[in-house]
Each structure stands twice: as structure tokens, then as C-alpha cells.
> 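Just dropping this structure here.
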Amino acid sequence: MDTQLLTASETDIAKAAALLRAGELIAFPTETVYGLGADATNGAAVAAIYETKGRPSFNPLIVHVPDIASAQNLVIWSDEADRLAKSFWPGPLTLVLPSAEGCTVAGLVTAGLPSLAIRVPASATARRLLQATGRPIAAPSANPSGRISPTSAQHVRDGLGGKIAAILDDGPCTVGLESTIVGLTESPRLLRPGGLPQGAIEAALGGPLAMAGTAITAPGQLTSHYAPSAKVRLNADTAASGEMHLGFGPITGDLTLSNTGDLREAAANLFGALHELDKTGKPIAVAPIPMTGLGAAINDRLTRAAAPRE
Ligand code: TXA
Ligand code: MG
């Protein structure tokens, strides 16, 4: 693929926004690091993020919005969220809040969790892009999995050139460190240290932050997160009596991840399908999924779902 190099001009931002709305991936500047953005409401586009980065598993992603009002449409707002957002947005702070009823963000963004990580970046170029796109944008750092986060357009080009539709170049990132993540689903908790110092957040809250322990920073830590309550059996060509069958490719099942065997479509459908089948209260048998491309991350997630529970 030819990767277009775009600038922060009006025309180029409109081009980047159109590509995002069409489901393409765009690397864009934020004050922290360059993000690999996709329309967060488009499951297949979000799946392409994992595929392009070569991530071996589905970590939940941060959603970027242009202002507080846009955030309030997606999450259940609280007094603490209000205080932190008014003090530090736009800026290098991500808040984890319960997803709002009818939240339009794809299940793959949150990896099936009932909460959503969200932030308003300080970069004016990023906010102009978000404004022009008119959709929440999911974005991890724009580097291949296991490599260092990019703080310039050249870094992005070195790692992902030829693999994404465009790179929006707005010079080097001013912060150069990922955003600080604060969890607000219970008492305020520091989930990841980052570009905004802990002390500033505690001063705004008027009290100490609880310390992490629950941050999802490594793939393995996802084990304790979303898993269906039903028993899950893998590599099942057929379902036993009483089981619900989740199909793939030629195996139709009661519900299919992708009847054409498209792994991107399967990734986009994965968490929704598990939730759906889980509602039946029956054990779930899953058709074999190849280990190629996104199949590795899909199988990683399914293996966790099938593992004995603590
Ligand atoms: O500075 C940044 O935050 C950059 C730029 C591009 O905005 N983005 C970034 O995204 O660092 P990423 O994907 O590398 O970080 C996502 C992290 C996850 O690893 C996890 O720790 C946390 O955010 N996270 C996301 N959703 C969560 C949730 N619902 N609950 C707890 N943690 C969550
Ligand atoms: Mg990263």
C-alpha cells in the first residue's frame, strides 16, 4: 500500500478524516506519541489496528475525542471525571469510565470490558482531525508491536510505512511519553504512569490516588478481564448436544465469526458473539480458527476464555 504523507493543512486534514471515515488507518500526531488511528465505531477498522501492529493479543485501546461533550456521549460521567477533565483536558490524561448505555464504540476497542478509556489530546492538529472526522478514534501508539513508541512522523514511517493509508506529520511530539491513565470505575486509581504527573492529579482530586495493580499493560493481565461465564471449548468442528456452536468459515454454527473465513471480520465480531452466546447460558464450542495473521490474537483471546477460572 502507498502511504500518503499529509500535513496539518486544511485540505490534508479533510483527506485524513475522509480516510478514517472510510475505515482506513491513519497515523496522527498527539502531544504524547503518534497514534495509529481507526474509526472506533468500525469493528473491522479496529481489527486492522491489531493486524497492522502485529499485536499478539487484544489489549483494550484508548479512544480519542475532540472535547468533553463528545466524551460524555460515550461514558457515564462523574464528579471526579468532571474535575479531572476540566483540569487536564486537552492533555496527556486518559480516564477509564463505565461505557454509556448505547455507546457506539466497537466491542473490539474495549476487548469486551464494560469500561472505556478516553482522552482529549492537547495537540491542536489531533483535535482538528477528530473534529473533522466526527467519530471517536481508537489509537494505540503507531509502532509495530514490541517496538518503541514513535514521537515523530519519521519513526512511524520507519515502522509502518507501506502498511497504512497515511501519516499526518505535525512535527515531533512535545510530551514524548504516553498519557497517564486514571481508572474511575471505583475510587480513583493510577493505572499507568505517563505524561501527566501523579501529584498534579492528586492535587486536583484533593486526595491520593490508589495504586494500580489492575492496569492492563501486558497481554497476560487480560486473563482476569472479560471471559464469558459459560464454559468454552476450542477447535470444535461440531457442537455436542446442549452446546452453542460459534462458527468460522465453512463451519456455520449457531452464530458465525465470519462465514467467508475473513479474520478481520472475525476479530470485529469476536466479543459481540461471545456476549451473545453467553446470554443463552449454554456452554460454547468454537470452530477452529487458523493461527495466521489476526488468528493468533483471536486464538489468544479464546484460549483465555476457555482457561479454568480463578
Ligand atoms: O498517550 C497515549 O495514551 C497514546 C496516544 C496515541 O494517545 N495511546 C496509547 O494507547 O498509549 P495504548 O493502546 O498503548 O494504551 C492502551 C492502554 C492499555 O494497555 C490499558 O492499559 C489501558 O490503556 N486501557 C484501555 N482501556 C482500558 C479499560 N477499559 N480498563 C483499563 N485499562 C484500559
Ligand atoms: Mg504502545
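Whatever order the structure lists them in is the order used to number ligands and atoms, beginning at 1.
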> Between the candidates Ala139, Ser123, Gly35, which shows the shortest non-hydrogen contact distance to atom 8 (N) of ligand 1?
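Of the listed residues, Ala139 has the closest heavy atom.
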> Counting from 1, what ligand 1 atoms have a heavy atom of His64 closer than 4.0 Å?
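In order of numbering, the contacting atoms are 5 (C), 6 (C), 7 (O).
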> Heavy-atom distance under 4.5 Å between the side chains of Thr32 and Pro92, does that happen here?
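Side-chain contact under 4.5 Å: yes.
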> If the contact criterion is a heavy-atom separation under 4.0 Å, does Thr110 count as touching ligand 1?
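It does not; every heavy atom stays at 4.0 Å or beyond.
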> Do His155 and Tyr34 come within less than 4.5 Å of each other through their side chains, counting heavy atoms only?
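Counting from C-beta outward, His155 and Tyr34 never come under 4.5 Å.
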> CG of Leu5: more than 12 outside heavy atoms within 6.0 angstrom?
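Counting other residues, nucleotides and ligands, CG of Leu5 exceeds 12 neighbours.
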> Can you check which of Gly37, Pro60, Ala138 brings a heavy atom nearest to atom 24 (N) of ligand 1?
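When every heavy atom of Gly37, Pro60, Ala138 is considered, Pro60 comes closest to atom 24 (N) of ligand 1.
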> Flag the pair Ser179 / Ile62 as yes when at least one side-chain heavy-atom distance between them is below 4.5 Å, and no otherwise.
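Yes, close enough: below the 4.5 Å cut-off.
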> Quick one: pull up CG in Leu205 and CG in Asp79 and give me the separation to the nearest 0.5 Å.
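Answer rounded to 0.5 Å: 11.5 Å.
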> Please report whether ligand 1 has a polar contact with Ser179, defined as an N or O pair separated by less than 3.5 Å (distance criterion only).
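Yes, at least one N or O pair falls under 3.5 Å.
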> Val96 heavy atoms, cut-off 4.0 Å: which ligand 1 atoms fall inside?
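Those of ligand 1 that fall under 4.0 Å from Val96 are 28 (C), 29 (N), 30 (N).
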> Looking at Phe58 versus Tyr50, is the centre-to-centre ring distance below 6.0 Å?
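Yes, the ring centres sit under 6.0 Å apart.
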> Taking atom CD1 of Ile13 and atom CG of Leu6, what is their separation to the nearest 0.5 Å?
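Interatomic distance, Ile13 CD1 to Leu6 CG, rounded to 0.5 Å: 9.0 Å.
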> Can you find a non-hydrogen atom of Lys53 under 4.0 Å from ligand 1?
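False for this residue.
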> Any atoms of ligand 1 less than 4.0 Å from a non-hydrogen atom of Ala117? List them with their elements.
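Within the 4.0 Å cut-off of Ala117, ligand 1 contributes 25 (C), 26 (N), 27 (C).
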> Among Ile118, Val175, Ile181, which one has a heavy atom closest to atom 23 (O) of ligand 1?
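Answer by nearest heavy atom: Ile181.
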> Against heavy atoms of Arg192, which atoms of ligand 1 measure under 4.0 Å?
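Checking each atom against Arg192, I get 2 (C), 3 (O), 9 (C), 11 (O), 14 (O), 15 (O).
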> Which distance, rounded to the nearest 0.5 Å, do you find between the CG of Leu270 and the CG of Leu246?
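With rounding to 0.5 Å, CG (Leu270) is 7.5 Å from CG (Leu246).
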> When you compare ligand 1 with Thr32, is there at least one nitrogen or oxygen pair between them that comes in under 3.5 angstrom?
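Yes, since at least one N or O of Thr32 sits under 3.5 Å from an N or O of ligand 1.
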> Between Arg55 and ligand 1, which part of the residue brings a heavy atom under 4.0 Å of the ligand: side chain, backbone, both or neither?
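Side chain only.
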> Do any nitrogen or oxygen atoms of Ser115 lie less than 3.5 angstrom from nitrogen or oxygen atoms of ligand 1?
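Right, the criterion is met.
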> Roughly how far apart are Thr94 OG1 and Leu61 CG, rounded to 0.5 Å?
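Atom-to-atom, Thr94:OG1 and Leu61:CG are 11.5 Å apart.
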